[in-house]
Novice: 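The structure is given below, and queries will be raised subsequently.
Only heavy atoms go into these numbers, but all of them, side chains included; no hydrogens, no water, no symmetry mates.
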Amino acid sequence: MLLLGVVVLVFIFQNLDEVTLTFVTYQFKVPLSLILLLIGVFGYLFARVTDIASFSKKNKEIKSLQQEIKNLKESQIKNN
(Lines give C-alpha, C1' and ligand atoms only; values in the text may rest on other atoms or scores of the structure.)
Protein backbone atom coordinates (compact mmCIF):
# COMPACT_ATOMS: atom_id res chain seq x y z
CA MET A 1 0.00 0.00 0.00
CA LEU A 2 2.88 2.33 0.80
CA LEU A 3 4.43 1.72 -2.62
CA LEU A 4 1.09 2.39 -4.32
CA GLY A 5 0.72 5.61 -2.32
CA VAL A 6 4.17 6.77 -3.41
CA VAL A 7 3.40 5.98 -7.06
CA VAL A 8 0.13 7.94 -6.84
CA LEU A 9 1.89 10.95 -5.26
CA VAL A 10 4.59 10.95 -7.94
CA PHE A 11 1.88 10.74 -10.60
CA ILE A 12 -0.03 13.66 -9.07
CA PHE A 13 3.03 15.91 -8.82
CA GLN A 14 4.03 15.16 -12.41
CA ASN A 15 0.56 16.02 -13.78
CA LEU A 16 -0.28 19.36 -12.21
CA ASP A 17 -1.02 21.06 -15.56
CA GLU A 18 -4.53 22.45 -15.76
CA VAL A 19 -6.91 21.30 -18.46
CA THR A 20 -10.15 22.92 -19.54
CA LEU A 21 -13.23 20.73 -19.43
CA THR A 22 -16.36 21.81 -21.26
CA PHE A 23 -19.82 20.51 -20.44
CA VAL A 24 -22.64 22.06 -22.46
CA THR A 25 -21.90 25.76 -21.84
CA TYR A 26 -19.89 25.38 -18.64
CA GLN A 27 -16.11 25.38 -18.60
CA PHE A 28 -13.92 24.19 -15.76
CA LYS A 29 -10.16 24.41 -15.30
CA VAL A 30 -8.86 21.57 -13.16
CA PRO A 31 -5.55 19.74 -12.78
CA LEU A 32 -5.18 16.73 -15.06
CA SER A 33 -4.14 14.56 -12.11
CA LEU A 34 -7.43 15.33 -10.33
CA ILE A 35 -9.45 14.30 -13.36
CA LEU A 36 -7.56 11.03 -13.73
CA LEU A 37 -7.79 10.33 -10.00
CA LEU A 38 -11.57 10.90 -10.03
CA ILE A 39 -11.99 8.66 -13.07
CA GLY A 40 -10.01 5.95 -11.29
CA VAL A 41 -12.09 6.26 -8.12
CA PHE A 42 -15.38 6.13 -10.05
CA GLY A 43 -14.11 3.15 -12.05
CA TYR A 44 -13.19 1.34 -8.85
CA LEU A 45 -16.58 2.11 -7.27
CA PHE A 46 -18.43 0.96 -10.41
CA ALA A 47 -16.47 -2.30 -10.40
CA ARG A 48 -17.29 -2.89 -6.72
CA VAL A 49 -21.01 -2.26 -7.28
CA THR A 50 -21.12 -4.67 -10.22
CA ASP A 51 -19.16 -7.25 -8.19
CA ILE A 52 -21.68 -6.99 -5.36
CA ALA A 53 -24.56 -7.51 -7.79
CA SER A 54 -22.79 -10.50 -9.32
CA PHE A 55 -22.03 -12.03 -5.90
CA SER A 56 -25.65 -11.54 -4.84
CA LYS A 57 -26.91 -13.34 -7.93
CA LYS A 58 -24.44 -16.20 -7.39
CA ASN A 59 -25.41 -16.50 -3.72
CA LYS A 60 -29.08 -16.88 -4.70
CA GLU A 61 -28.13 -19.59 -7.18
CA ILE A 62 -26.00 -21.39 -4.57
CA LYS A 63 -28.85 -21.34 -2.04
CA SER A 64 -31.23 -22.67 -4.65
CA LEU A 65 -28.86 -25.50 -5.54
CA GLN A 66 -28.27 -26.31 -1.86
CA GLN A 67 -32.04 -26.56 -1.35
CA GLU A 68 -32.31 -28.82 -4.37
CA ILE A 69 -29.57 -31.08 -2.98
CA LYS A 70 -31.33 -31.20 0.38
CA ASN A 71 -34.63 -32.13 -1.30
CA LEU A 72 -32.95 -34.86 -3.36
CA LYS A 73 -31.28 -36.31 -0.26
CA GLU A 74 -34.60 -36.33 1.60
CA SER A 75 -36.39 -38.03 -1.27
CA GLN A 76 -33.58 -40.58 -1.53
CA ILE A 77 -33.89 -41.38 2.19
CA LYS A 78 -37.68 -41.80 1.85
CA ASN A 79 -37.25 -44.13 -1.13
CA ASN A 80 -34.82 -46.39 0.74
Novice: Going hydrophobic residue to hydrophobic residue with side-chain gaps under 4.5 angstrom, can you get from Val30 over to Ile39?
Specialist: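 Same cluster: Val30 reaches Ile39 through Ile, Leu, Val, Met, Phe, Trp or Tyr contacts under 4.5 Å.
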Novice: In terms of hydrophobic clustering (I, L, V, M, F, W, Y; side-chain heavy atoms under 4.5 Å; direct or indirect links), are Tyr44 and Val41 co-clustered?
Specialist: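 Tyr44 and Val41: one cluster.
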Novice: Which atom pair, heavy atoms only, marks the closest approach of Thr22 to Val24?
Specialist: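 Minimum heavy-atom contact is CG2-O, 3.9 Å.
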Novice: If you round to the nearest 0.5 Å, how far is CG of Leu37 from CG of Leu32?
Specialist: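 Leu32 CG to Leu37 CG: 11.0 Å, rounded to 0.5 Å.
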Novice: How long is the gap from CZ on Phe55 to CZ on Arg48, to the nearest 0.5 Å?
Specialist: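 CZ of Arg48 is found 7.0 Å from CZ of Phe55.
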Novice: Go through the steps to decide whether Phe11 and Leu36 satisfy the test side chain to side chain contact (heavy atoms under 4.5 Å, CB included), and finish with yes or no.
Specialist: CA-CA 10 Å; Phe11 175 79; Leu36 295 174; 3.3 Å; yes
Novice: For residues 63-74, please give each side-chain donor-acceptor pair under 3.5 Å, one per line with the distance, not counting sequence neighbours.
Specialist:
from	atom 1	to	atom 2	distance (Å)
Gln67	NE2	Asn71	OD1	3.0
Asn71	ND2	Gln67	O	3.4

Novice: How long is the straight-line distance from CD1 of Ile35 back to CD of Glu18, given to the nearest 0.5 Å?
Specialist: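 Interatomic distance, Glu18 CD to Ile35 CD1, rounded to 0.5 Å: 10.5 Å.
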Novice: Determine the minimum heavy-atom distance between Leu16 and Ser33, stating which atoms define it.
Specialist: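 Answer, listing the atom of Leu16 first, then Ser33: CD2-OG, 4.3 Å.
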